[in-house]
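Read through the structure below, which is laid out as structure tokens, and then see the notes.
Computation of the quantities below employed the complete heavy-atom set of this structure, encompassing side-chain atoms and omitting hydrogens, waters and symmetry-equivalent molecules.
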Amino acid sequence: MENLSFHDGNIFNLLHSRSTEPSHDVDQRMQLHSSLVRRLSQEQELEGHQGCVNAISWNSTGSLLVSGSDDLRVNIWDYSSRKLVHSVESGHTANIFCTKFVPETSDELVVSGAGDAEVRLFNLAGLRGRADDDNALTPSAMYQCHTRRVKKLAVEPGNPNVVWSASEDGTLRQHDFRESTSCPPAGSAHQDCRSVLLDLRSGAKRALADPPKQTLSLKSCDISATRPHLLLVGGSDAFARLYDRRMLPPLTSCRKRMPPPPCVNYFCPMHLSERGRTNLHLTHVTFSPNGEEVLLSYSGEHVYLMNVNNGVGTMQYTPGDVANFFSLSNILHDVESPPQVSTTQNGFHRNGNAAMLKKCTELVELAKSSLEEGTDIFYAIEAANEVLDAHSNDIESALRHECLCTRAALLLKRKWKNDAHMAARDCQNARRIDASSFKAHYYMSEALQQLGKCKEALDFATAAQQLKPSDADIVAKVESIKRDLQAAGAEKKEEPEGGTGRVLSLSDILYRSEANSDSSHDMSRSEGDQSDYDEELEVDIQTSMSDDEGGDPDSNAMRGCLNLRIHRVSDDNKPIENSGDNGSSGTASSSQNDRTSYQPEGAIDMKRRYIGHCNIGTDIKQASFLGQRGEYIACGSDDGRWFIWEKQTGRLMKVLVGDEAVVNCIQCHPFDSVVATSGIDNTIKMWSPIASVPSIVAGGSAGPATANVVEAMESNQQKLSRNRENPLSVELLQRFRMQEFAEGNFHPFECTQS
């Protein structure tokens, strides 16, 4: 794979064309060409913070960089000199999570959002003429109307008057500097700030078919640079939402909880839309530079790319499609758009060529050889990705079918997180090409067996056996699935009456308690009396942490004894005991009526997945498009590295060590071949293509280069799997640390569970 070229052209040809016929398009392509990305190395480390750096952002020209930190300071850095220009004492009382330059203000206005639920606006002109150590600055505007942590800010290009803030209280607010420069704290007697643009306090969904009900704690938001009326938000469920600001209702106050407004589109990979696990959530959402795509980063999951517009290449699905996906009688029509069929010659479409045919055939043979030998599985999958993602519309159906089946088998052998789901997609697409394909049915049965769907697996295995009755492998597969079914049946019979026998996770308990709380409140209070948070959950925790030196030092799971007591708090602060059931009969009936009357929307499915990193420790981990054309994808990781992939194929391009612990933020310079990153360390790293030779790895200040990239990714996958098996650990730590901070017990590593 090292010898396989990327899809952005030859850099020498680009340089020649720029010298003979200068164009803006060539300049954009040159900014982060693959040959430059492969030479990225740490250029400099910016020192000036005393805590985790949770936010970094460039101004529109790239001359300045703003950063926010746990040290409660907002720092301004000069790009050309790489020097600290200003260090503003923000006045925030909790970690700063987001900072932005306000557009068209000569870079004098900077806005920040923090864990104290405040949004503050600063005019840097107030620092002129002061001594270097005189950094206190009174905010030009201060908005205190949020009730939970402010996780993300958004600004509109060309608009100097408005900033949007997304908070874990379930609201996205619009602050117009022309209308007001302050508002009373939430809960004040006179607090009636009419700034709520999106009220999603009843907007979270556990599955696509479910009606929205619980609070959607917002983690991220973005405004399209090309169509500023489009607003993208993501939070504490699996679904990113696209809104058209022109179609939203007028701004409201927080006193009345409003039903969530209809969105233009939901975005969610199909295999995540029915998880039903409340710990699955988004940490970052963003538009591509041209506004045609969105990028979603999940906690405990991977990074996914999706199209914004409905049309060719956009995969949409409904709850019915999700239910029928694994059915033998179903061959999905929208999982993957079929290539445009044209007259073929020598296995290639008319718009193909012999050299491309030879290349694709060799890549498929390489992938098949790796499958047979059981070696270099990761690179064999990348070879198949190259054929299917870069040349799918050029090759004939027979070669495409062979590559789909081969990639499915490789994914099932690798067994990284969600590989079985990806293999099932390939098998269904192969069945669309050849409905009587033995390989497609056989590998589909294996995928379903890995997913624990033994009944459906048996259907596909039986169908494969009918296609090849004498094949020994399928005979063994049928018997294996039958044994799994018998074991599952026996286990079900042993379950006690009236219960599933499943141990409830903290996520399940919290979800049920919140559902009962919301339903009970809806019946007992008038709408006019509702406030931001009507009831709260208190979690009393006693832990006995083991100090096992032989334990896994990388594990985030809590070891030892955990005693949990959950109760709701009423308005008079008296605990309301949780009965342990799912609520009163009236509540259950109301919930059933909601589900019956609700008309579920469809969602846009993924078109590409980017894997290798680990995202379980932080709620502020970004995934970003690199370059003005957005041809590369980057994301930080909990192992202190950050990863870069080619957008078109998902091929891993670069792995860099960027932090002692976790890389959270990645921001590409607007025009130059420079990337800024930050994380748990109290420094900002600047990366540029200064390495003498291109490579997939490079060392940073935190450690040497590691040659075995696959080994590092394997370790990250194991962490993701452990997080899946123990879903309560991160959520529990998040709530516990929030309680610590509220009580004034600051923990220097708090930002790892931000």
Side-chain H-bond candidate by donor/acceptor type, Gln450 with Glu446, under 3.5 Å:
yes
Which pair of heavy atoms, one from Ser273 and one from Tyr317, lies closest together, and at what distance?
CB-OH, 3.4 Å
Quick one: does any side-chain atom of Asn708 pair with a main-chain N or O of Glu711 as donor and acceptor, under 3.5 Å?
yes
Quick check: do Val675 and Ile644 have side-chain heavy atoms less than 4.5 Å from each other?
no
Any non-hydrogen side-chain atom of Val655 less than 4.5 Å from a side-chain atom of Trp642?
no
Kindly assign one of parallel, tilted or perpendicular to the pair His441 and Phe460, based on the angle between their ring planes and the thresholds 30° and 60°.
tilted
Taking every heavy atom of Ser445 against every heavy atom of Ala461, the minimum-distance pair comes out as CB-N, 3.6 Å
Derivation of the side chain to side chain donor-acceptor pair (under 3.5 Å) call for Ser715 and Gln718:
CA-CA 5 Å; Ser715 176; Gln718 292 172 9; 5.2 Å; no
Ion pair check, Asp434 and Lys439, cut-off under 4.0 Å
no
Aromatic ring proximity Tyr298/His284, centre distance under 6.0 Å
no
For Arg651 and Asn385, does a side-chain donor sit closer than 3.5 Å to a side-chain acceptor?
no
What I'd like to find out is whether the side chain of Val364 reaches to under 4.5 Å of the side chain of Val387, using heavy atoms alone.
yes
Side chains of Gln428 and Arg431: donor-acceptor distance under 3.5 Å anywhere?
yes
Please find the pair of heavy atoms, one from Ser624 and one from Gln667, that lie closest to each other, and give the distance.
OG-NE2, 4.1 Å
Is the ring centre of His302 less than 6.0 Å from the ring centre of Trp416?
no
If you count heavy atoms of other groups shown closer than 6.0 angstrom to NZ of Lys607, is the number above 12?
yes
Do Asp484 and Lys455 meet the salt-bridge criterion of a basic N to acidic O distance under 4.0 Å?
no
So, Asp394 and Ser392: side-chain donor and acceptor under 3.5 Å apart, yes or no?
no
Without swapping roles, check the side chain of Arg608 against the backbone of Met306 for a donor-acceptor pair under 3.5 Å.
no
Quick check for you: to the nearest 0.5 Å, what is the distance between Gln316 atom CD and Asn265 atom CG?
6.0 Å
Interatomic distance, NE2@His391 vs CG@Leu357, rounded to 0.5 Å, equals 11.0 Å
Can you tell me how far SG of Cys635 sits from CG of Leu295, rounded to the nearest 0.5 angstrom?
8.0 Å
Among Ser437, Cys405, Cys427, which residue meets the side-chain contact (heavy atoms from CB on, under 4.5 Å) test with Met444?
Cys427
Side chain Asp222, main chain Phe287, donor-acceptor under 3.5 Å
yes
Using side-chain contact (heavy atoms from CB on, under 4.5 Å) as the criterion, point out the one residue from Met315, Met270, Arg407 that pairs with Arg425.
Met270
Smallest heavy-atom separation, Ala240 atom then Leu296 atom, equals CB-CD2, 3.8 Å
Would the distance check show the side chain of Arg241 and the main-chain N or O of Phe239 forming a donor-acceptor pair, the cut-off being under 3.5 Å?
yes
Any side-chain donor-acceptor pair under 3.5 Å between Ser480 and Gln449?
yes
Do we see a donor-acceptor contact under 3.5 Å between the side chains of Trp687 and Thr677?
yes
Backbone N or O of Gly374 within a donor-acceptor pair of the Lys413 side chain at under 3.5 Å?
no
Quick one: sort the Phe326 and His421 rings into parallel, tilted or perpendicular, breaks at 30° and 60°.
tilted
Looking only at non-hydrogen atoms, find the nearest pair between Leu388 and Cys403 and report the distance.
CG-SG, 3.7 Å
Enter the distance from Asp321:CG to Ser327:OG here, rounded to the nearest 0.5 Å.
12.0 Å
Between Tyr610 and Glu646, the two heavy atoms sitting closest are CE2-O, 3.7 Å
Separation between OG1 (Thr406) and CD1 (Ile381), nearest 0.5 Å, reads 11.5 Å
Would Asp389 and Gln648 count as having a side-chain donor-acceptor pair, cut-off 3.5 Å?
no
Keeping the roles fixed (side chain from Ser288, backbone from Glu292), state whether a donor-acceptor pair exists under 3.5 Å.
yes
Residues Arg400 and Asp426 bridged, charged N to O under 4.0 Å
no
Within the 4.5 Å heavy-atom criterion, are Glu301 and Leu282 side-chain neighbours or not?
no
Below 4.0 angstrom, N of the basic side chain to O of the carboxylate: do Lys205 and Asp237 qualify?
no
Test item: Glu274 side-chain N/O and Val322 main-chain N/O as donor-acceptor pair under 3.5 Å:
no
Do Gln465 and Thr462 pair up side chain to side chain, a donor and an acceptor below 3.5 Å, judged on atom types alone?
no
Compute both the distance and the angle, then confirm whether Lys647 meets the cation-pi test with Tyr632: under 6.0 Å from the six-membered ring centre, within 45 degrees of the axis.
no
Kindly indicate whether the side chain of Asp639, heavy atoms from C-beta on, has any atom under 4.5 Å from the side chain of Cys614.
no
I need the Thr314 OG1 to Glu293 CD distance, nearest 0.5 Å.
9.5 Å
Quick one, Ile604 and Tyr266 - any side-chain contact, counting heavy atoms below 4.5 Å?
no
Check whether Ser220 reaches the backbone of Thr283 with its side chain - one donor and one acceptor, N or O, closer than 3.5 Å.
no
Do Thr618 and Asn664 pair up side chain to side chain, a donor and an acceptor below 3.5 Å, judged on atom types alone?
yes
When you check the side-chain N and O atoms of Ser299 and Asn615, is any donor under 3.5 Å from an acceptor?
no
